[in-house]
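Worksheet: one structure, shown below.
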There are 2 protein chains.
Amino acid sequence: MDFSIGELSRRTGVKVPTIRYYEQIGLLPSPPRTEGQQRRYGKDAVSRLAFIRHARELGFELDAIRALLSLQDNPDQSCAAADTIAKDRLVEVERRIAALTALRTELRRMIDECACGRVAECRVIETLADTSHSHGRLAEG
Amino acid sequence: MDFSIGELSRRTGVKVPTIRYYEQIGLLPSPPRTEGQQRRYGKDAVSRLAFIRHARELGFELDAIRALLSLQDNPDQSCAAADTIAKDRLVEVERRIAALTALRTELRRMIDECACGRVAECRVIETLADTSHSHGRLAEG
DNA sequence: CTACTTCCTATAGTGACTATAGGTTCAAGA
DNA sequence: TCTTGAACCTATAGTCACTATAGGAAGTAG
C-alpha cells in the first residue's frame, strides 16, 4: 500500500524530480518518510498527481491547478467559492477551445495545401508568413 | 526605408527585448547599425519576424521555427520536413481540443449541479485524474 | 556483506521570454 | 545650436515549470 517516489512516478508518468518540485511548491502534501527519510506514498497521491498531470497537459498554470485542487481539499466550503473557481476555469477552457479550434483550421489548411512539392510552393511557410492575422496576444495552450 | 527596433516592434507586434533576444539566439540576423550602434532594419526583417511571431502563436517551438526558416532560406529542398512539423502540431492540437472539451462538459455540469449544495460531489478532479490518457510527453504550446 | 539501484538535498541549467539598471543616441522644439 | 526627453544600448537578473547534475545515504537482492 506504500510505495516509493519512483513507483509513484511510474504510476503517473510524472518524473521524480517534478514530484519533488510539486511537493516543494505545495501542490502535493509532504508524504510520510521512512527512517532513512525516503518518501512513501499511497493511492491518494496517485490520483492527485494524475490530476495535476492532466491539468498541466491541458495548459492550466500551476496556480489554476492549485485553485482546482482547493475544491477537492475543502469540500465543505461554500459553494459560492467553488462556483467562482469553476466558472473562471470554464471561461478559460472555452477561450482555449476557441483558440485551438482556429489553430486547427489553419494547420489543416496548411497541410492540405502543401502537395509536397518544393518548398517554394509550400503553403506551410507562406501561411505562416502571412501577416494578415490579428496581432492580439494568443492565449497559451 | 530604414527603421529602428521600436518601429520594427510596432510593425510586427513583437516586443523590443524579444527582438533583441531573437537576434542573440540567431533567429534574426544582426542588422546594420548607425554610428551610435543603434539597429536599423528593412522590410525583410518585418516579414521574417512576422513569420516567427505567427509560428509562435501557433505553438511552434523556436527550434521548429528555426527548421522552418531554414526551409524558407533554401527553397529547393522538399516540403516533407515542413509538412511533418505541421502535422505533429496538428495531432497535438487535436488531442488538446478533445481533452478540453471533456473538461468543459464536466465544469458545466458542476456549475449546473452545484445549485449551492456541496463541493463533495464535484467530478472535475475525477475527470482530470482519469489515468486512461496517454502518458506521452506533450510538446509545449 | 557486498553490489547496485534508488533515494536524498542542494544547486544550476533550460526555454522563451520579461524586467531592471545605468548609461548613450537621436529627433524635435526653443 | 542647444537642450530635453523619448527611444536606444548592454548586461544582468527574474519568471515559470520544470530538468539535470553532484555528491552522498538508504534500501534490496544475492
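Note on naming: letters A, B, ... go to the chains in the order of the sequence lines (proteins, then strands), and numbering restarts at 1 for each one.
When the side-chain nitrogen and oxygen atoms of B/S4 are compared with OP1 and OP2 of D/dA7, none of them lie within a distance under 4.0 Å. The side chain of B/R33 places an N or O atom within less than 4.0 Å of a non-bridging phosphate oxygen (OP1 or OP2) of D/dT10. B/Y22 has a side-chain polar atom (N or O) that falls below the 4.0 Å cut-off from OP1 or OP2 of C/dC17. Within the 4.0 Å cut-off from OP1 or OP2 of D/dC8, not a single side-chain nitrogen or oxygen of B/R39 is found. At the phosphate of D/dT19, OP1 or OP2 sits under 4.0 Å from a side-chain N or O atom of A/T18.
When distances are taken from the side chain of B/R40 to each of D/dT19, C/dC26, D/dC18, the shortest belongs to C/dC26. Closest approach to the B/Q38 side chain among D/dA17, C/dC26, C/dC17 is made by C/dC26 (side chain taken as heavy atoms from C-beta onward). Of the candidates D/dT19, C/dA16, C/dT18, the closest approach to any side-chain atom of A/K15 belongs to D/dT19. Checking D/dA17, D/dC8, C/dC7 against the side-chain heavy atoms of B/V16 singles out D/dC8 as nearest.
Here the C1' atom of nucleotide D/dA26 and the CG atom of A/D2 are 16 Å apart, to the nearest Å. The CZ-P distance, from A/F60 to D/dA17, rounds to 13 Å in whole Å. Rounded to whole angstrom, the span from the OH atom of A/Y21 across to the P atom of C/dC8 amounts to 18 Å. Between the P atom of D/dC16 and the CD1 atom of A/I65 lies a distance of 14 Å, rounded to the nearest Å. In this structure, the CD atom of A/Q24 is 14 Å from the P atom of D/dT19, given to the nearest Å. Atoms CD (B/E23) and P (D/dA11) sit 12 Å apart, rounded to a whole Å. Protein atom CD of B/E35 is 12 Å distant from nucleotide atom P of C/dA27, rounded to whole Å. The separation between A/L28 atom CG and D/dA17 atom P is 14 Å, rounded to whole Å.
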May I have the step-by-step check of side-chain contact (heavy atoms from CB on, under 4.5 Å) for B/Y41 and B/L49, ending in yes or no?
CA-CA 11 Å; B/Y41 297 93; B/L49 189 49; over 6 Å; no

Yes or no on side-chain contact (heavy atoms from CB on, under 4.5 Å) for B/K87 and A/R108, after CA distance, side-chain angles and deciding distance?
CA-CA 8 Å; B/K87 276 180 176 155; A/R108 280 183 177 158; over 6 Å; no

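The side-chain tip of A/R40 does not point at the ring of A/F3 from less than 6.0 angstrom away and within 45° of straight on.
Counting any heavy atom pair closer than 4.0 Å across all strands shown, B/R20 reaches a base atom. Nucleic acid contact class of B/I25 (heavy atoms, under 4.0 Å, all strands): none.
No side-chain heavy atom of A/I52 sits under 4.5 Å from any side-chain heavy atom of A/T12.
Contact check on B/E23 versus B/R39 returns a salt bridge, with a Lys/Arg side-chain nitrogen under 4.0 Å from an Asp/Glu carboxylate oxygen.
With the nearest nucleotide of DNA chain D identified for both A/D63 and A/T34, A/D63 has the one nearer the 5' end.
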